[in-house]
Number of protein chains: 2
Amino acid sequence: MAGIREVAKACGVSVATVSRALNGRPEVNEETRRQVRLAAEILGYRPSVSARALVRGRSDAVGLLWDSAYETAGRRHPFLLSVLVGIKQALDAAGRHLILLNVEADRVGPRAYLETAAQFQLDGVLVMGVDSRRPALCAVLESELACVGFDVPISGPRATYVASDNRAGAMQAMRHLYGLGHRRIATITGPLSMMPAELRLAGYRDAAEELGLEHEYVYSGDFFLDSGYTCGARLAELPPEQRPTAVFVAGDEMALGAIHAFADAGLSVPQDIAVVGFDDIEAADLVRPALTTIQQDAHALGAAAVDTLLRLVDHDPATHTIGPVLTPTRLIVRQSCGGN
Amino acid sequence: MAGIREVAKACGVSVATVSRALNGRPEVNEETRRQVRLAAEILGYRPSVSARALVRGRSDAVGLLWDSAYETAGRRHPFLLSVLVGIKQALDAAGRHLILLNVEADRVGPRAYLETAAQFQLDGVLVMGVDSRRPALCAVLESELACVGFDVPISGPRATYVASDNRAGAMQAMRHLYGLGHRRIATITGPLSMMPAELRLAGYRDAAEELGLEHEYVYSGDFFLDSGYTCGARLAELPPEQRPTAVFVAGDEMALGAIHAFADAGLSVPQDIAVVGFDDIEAADLVRPALTTIQQDAHALGAAAVDTLLRLVDHDPATHTIGPVLTPTRLIVRQSCGGN
DNA sequence: GATCGTTCCGTAAACGTTTCCGGTGGTACT
DNA sequence: AGTACCACCGGAAACGTTTACGGAACGATC
């Protein structure tokens with residue numbers, strides 16, 4: 001409630017000095033600074049963010065663009081919220097604020113995000129779960145507004161993205177299965193139009209080559225339970241001597257579907273067939289057998305997104321460019337592969 | 001980028017008129033208003049939120065207080081994010097913005113939230129997953145700042161809470177089991193210090209009385225998987241003629257634990273024992289048998305929270321008071337109770 | 001024809017900061 | 001002794017809005 005003027009009066013200095021003292025400017029005597037700090041503390045002074053943003057022309061805030069409809073459909077809630085926690089913590093550490101934006105039908109239009117960002121004088125925006133082909137997002141990418149995508153491959157003068165290292169994660173899974181003795185390993189993919197699905201398949205193939213596996217068994221799903229079941233059922237129909245002894249499923253939800261299919265076909269996991277998933281969703285540890293899977297480090301991902309965004313804010317797009325950053329994944333061994 | 005002055009110049013009127021026209025004030029000619037609107041549209045004028053907040057002394061924004069540590073531990077991510085979606089949509093409809101706040105160790109102190117709110121000139125705050133006994137939250141409750149809690153029972157001059165109607169939800173579950181012919185029904189509770197756990201137990205008891213059930217079987221858990229397993233195992237040890245034929249578990253995660261225990265004890269669900277959970281977590285529909293449960297309407301909850309907060313903002317605490325609001329729950333019938 | 005009320009609009013003062021510009025006093029150098 | 005520099009600080013002008021106040025034009029009323 002107390003303004004900068006009260007603090008100035010209390011110390012017998014001008015408001016300019018108070019501002020300088022509190023903002024750590026060098027051109028102020030240390031003794032004076034001490035007194036100002038003290039007075040500010042006592043009076044409980046907190047600078048008005050509006051006033052500050054108004055005069056400085058920037059708000060020290062970043063916006064979070066998300067599409068709630070997409071998220072609901074994509075069922076990626078838990079993971080995204082974990083990422084959000086990581087984002088928020090990194091932002092706190094950097095002294096930035098976070099404003100949630102989702103532009104809906106009413107104020108639609110290709111420049112909607114940009115205008116909102118200008119209105120709030122945002123430093124930049126974080127994008128999660130928004131279709132990268134949406135015109136509103138394209139406009140952001142073409143602009144000078146700093147922007148980092150999350151699991152969505154975007155690029156622009158001041159735009160890039162962060163994601164888990166999906167390819168390496170898939171290879172981790174494959175190596176784990178290989179280490180357990182499996183030589184016929186199948187995969188169930190996500191929709192290949194989505195970057196994570198594509199890269200996980202690429203990782204499967206790279207690993208197959210690296211490990212010298214002879215056959216590929218690729219089943220294509222859509223990340224949802226039912227497609228996992230369908231693919232699992234088809235796989236279970238193969239004659240035992242041809243049937244893969246393990247399957248790397250590109251998403252936990254599909255992995256659970258596949259396990260149901262195996263159970264219905266009289267195959268037991270992990271004895272008859274080993275399963276490793278991807279994502280480490282909550283359910284992975286709630287089902288029996290608990291699912292061995294590849295975990296994404298949500299916290300690191302959030303931190304990386306913030307870090308990248310902040311670097312993007314003040315850099316010159318002309319001189320050097322900032323590329324995508326991939327964060328490592330982790331193998332979580334539970335029961336669905338046996339071997340402990 | 002275009003300011004109010006450009007618009008004024010373009011129409012040949014003063015900035016005051018532009019402001020009035022755009023804000024729907026009555027004291028402006030409709031013809032003038034039309035022209036101003038047009039010019040603003042063409043120039044792409046968007047008022048600066050900082051400038052507006054500065055002069056009006058309020059920001060049209062609400063803050064979201066959350067404790068990320070708590071959430072991580074509480075594993076309630078998916079539900080909370082769903083609620084968040086509901087909140088955001090309601091806020092959009094009301095033309096308010098949402099700012100995420102989590103005050104951590106560095107800027108700690110009992111008045112931290114209040115100061116932050118003042119700094120941002122927030123209309124009010126929404127609270128989710130913050131321990132209601134935290135001094136920082138207590139200070140908010142005692143203040144004049146509008147505040148609505150989410151699943152945490154708080155009250156103050158301008159504070160109240162919203163929650164699912166946990167008691168009624170528990171009764172729904174019980175009536176469902178009763179309708180399927182069950183007469184010996186047990187319950188596994190959450191930690192009774194938490195409001196939802198307490199009310200679900202109350203609903204169990206109310207229903208038992210209403211339905212004329214003779215015995216109570218109360219097992220106390222802590223909302224986590226393992227406690228569900230433990231309680232389930234104890235329950236399974238009872239001699240068959242005394243053993244309840246159904247159990248209402250106050251949380252889905254515990255319900256899954258109980259089901260594992262039943263399986264390990266050779267009891268099959270739903271034939272030997274029926275199970276109904278609470279929460280409708282994601283895993284509920286991913287396990288087999290899929291879990292019959294009580295669903296909370298996250299969207300309605302979010303909307304109710306916003307609605308309540310906005311009513312709280314401009315009301316006189318002296319004249320009338322605004323109480324807690326409970327939103328209805330819904331029974332989701334899957335497989336764990338049989339009967340379809 | 002003076003008075004009054006209405007409708008509409010412009011002038012200017014806020015709001016709480018940051019920062020440019022200039023000024024003062026002191027020290028070091030020529 | 002004059003000049004130059006430096007460290008420190010104050011005055012005041014921004015930043016882009018909203019709104020209190022006053023005034024002009026006009027019709028209606030006495």
Side-chain angles (χ1 to χ4, degrees), chain A residues 1-40 43-61 95 97 115-123, chain B residues 1-40 43-61 95 97 115-123:
Chain A
M1 204 59 187
I4 199 176
R5 271 183 266 262
E6 279 78 28
V7 180
K9 197 157 295 176
C11 306
V13 299
S14 73
V15 294
T17 302
V18 175
S19 175
R20 284 188 281 246
L22 263 21
N23 289 339
R25 291 302 179 81
E27 66 268 42
V28 48
N29 186 293
E30 279 307 322
E31 171 60 17
T32 314
R33 192 193 302 275
R34 225 182 37 74
Q35 295 193 1
V36 170
R37 282 226 181 94
L38 183 64
L43 296 178
Y45 168 69
R46 299 277 168 211
S48 147
V49 296
S50 325
R52 192 200 288 260
L54 179 59
V55 62
R56 296 187 47 203
R58 45 179 294 187
S59 61
D60 282 345
H97 315 295
E115 287 169 1
T116 309
Q119 207 174 350
F120 282 88
Q121 301 173 121
L122 297 179
D123 287 349
Chain B
M1 203 59 185
I4 200 177
R5 272 182 266 260
E6 278 78 29
V7 180
K9 198 157 295 176
C11 306
V13 298
S14 72
V15 294
T17 302
V18 175
S19 174
R20 284 188 281 245
L22 262 21
N23 288 339
R25 292 301 179 81
E27 66 269 41
V28 49
N29 186 294
E30 279 307 322
E31 172 59 16
T32 313
R33 191 192 304 273
R34 225 180 39 74
Q35 295 192 1
V36 170
R37 282 225 182 94
L38 182 64
L43 296 179
Y45 169 69
R46 300 279 168 207
S48 147
V49 297
S50 325
R52 192 200 286 262
L54 179 59
V55 61
R56 295 186 49 203
R58 45 177 295 186
S59 62
D60 282 345
H97 315 297
E115 286 168 2
T116 309
Q119 207 174 349
F120 282 89
Q121 301 172 120
L122 298 179
D123 287 349

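Labels below follow one simple rule: chain letters A, B, ... track the order of the sequence lines, proteins then strands, and each chain is numbered from 1. Note that the structure is a prediction, hence the values are computed from the model and not measured.
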**Request:** Can you figure out which of dG10(D), dT19(D), dT17(C) approaches the side chain of Ala16(B) most closely?
**Result:** dT19(D)
**Whole-Å gap separating P (dG10(D)) and CD1 (Ile4(A))** = 12 Å
**Message:** Tell me the interatomic distance from Gln121(A), atom CD, to dT17(D), atom C1', rounded to whole angstroms.
**Reply:** 12 Å
**Request:** Looking only at non-hydrogen atoms, find the nearest pair between Ala8(A) and Ser14(A) and report the distance.
**Result:** CB-C, 3.8 Å
**Message:** From the set dA12(D), dT17(D), dG10(C), return the single nucleotide nearest to any side-chain atom of Val15(A).
**Reply:** dA12(D)
**Asked** Taking five pairs at each end of the helix from dG1(C)-dC30(D) to dT30(C)-dA1(D), what angle separates the two helix axes (nearest 10°)?
**Response** 60°
**Prompt:** How many Å lie between CG on Leu54(B) and C1' on dC15(C), as a whole number?
**Reply:** 4 Å
**Fill in**
Heavy-atom contacts, protein to nucleotides 23-28 of chain D, under 4.0 Å, summarised as B (base), S (sugar-phosphate only) or - (none) per nt, yield ------
**Request:** Look at the side-chain N and O atoms of Arg56(B) and state whether any lies under 4.0 Å from the OP1 or OP2 oxygen of dT18(D).
**Result:** no
**Prompt:** Tell me, which of residues 22-32 of chain A have any heavy atom that sits under 4.0 Å from an atom in DNA chain C?
**Reply:** Asn23(A), Arg25(A)
**Request:** Report the residue from Leu38(B), Val13(B), Val15(B), Val18(B) that forms a side-chain contact (heavy atoms from CB on, under 4.5 Å) with Val7(B).
**Result:** Val18(B)
**Item:** For the student: nearest non-hydrogen atoms of Ala21(B) and Val28(B), plus distance
**Value:** CA-CG1, 4.0 Å
**Asked** If you round to the nearest 0.5 Å, how far is OG1 of Thr17(B) from CD of Glu27(B)?
**Response** 9.5 Å
**Request:** Using atom types as modelled and distance alone, determine if a side-chain donor or acceptor of Ser59(A) lies under 3.5 Å from a backbone N or O of Gln121(A).
**Result:** yes
**Prompt:** Between the side chains of Gln119(A) and Glu115(A), does any donor sit under 3.5 Å from an acceptor?
**Reply:** no
**Request:** Would you mind reading off the distance between Arg20(B) atom CZ and dC21(D) atom P, rounded to a whole angstrom?
**Result:** 13 Å
**Prompt:** Atom CZ of Arg58(B) and atom C1' of dT19(D): how far apart are they, to the nearest Å?
**Reply:** 15 Å
**Request:** Nearest whole angstrom, please: distance from the P of dT17(D) to the CD of Glu6(B).
**Result:** 9 Å
**Message:** Can you tell me how far apart CG (Asp123(B)) and NE2 (His97(B)) are? Round to the nearest 0.5 Å.
**Reply:** 9.5 Å
**Item:** Closest non-hydrogen atom pair, Tyr45(A) against Ile4(A)
**Value:** CE1-N, 3.5 Å
**Prompt:** Given atom CZ of Arg5(B) and atom P of dT11(C), what is their separation to the nearest angstrom?
**Reply:** 13 Å
**Message:** So, taking the atom named OG1 in Thr32(B) and the one named CD in Glu30(B), what distance separates them when rounded to the nearest 0.5 Å?
**Reply:** 8.5 Å
**Request:** Check the distance between dC8(D)'s P and Arg34(A)'s CZ and give it to me in whole angstrom.
**Result:** 15 Å
**Fill in**
Between Asp60(B) and Arg56(B) the two heavy atoms that sit nearest each other are OD2-NH1, 3.7 Å
**Request:** Check each of Glu31(B), Arg33(B), Arg37(B) against Gln35(B) using the side chain to side chain donor-acceptor pair (under 3.5 Å) test, and report the only one that passes.
**Result:** Glu31(B)
**Side-chain N or O of Ser14(B) closer than 4.0 Å to phosphate OP1/OP2 of dC9(C)** = no
**Prompt:** With a 4.0 Å cut-off on heavy atoms, is Ser19(B) in touch with a base, just the backbone sugar-phosphate, or nothing at all?
**Reply:** base
**Request:** State, with a plain yes or no, whether a side-chain heavy atom of Leu43(B) is found less than 4.5 Å away from one of Lys9(B).
**Result:** no
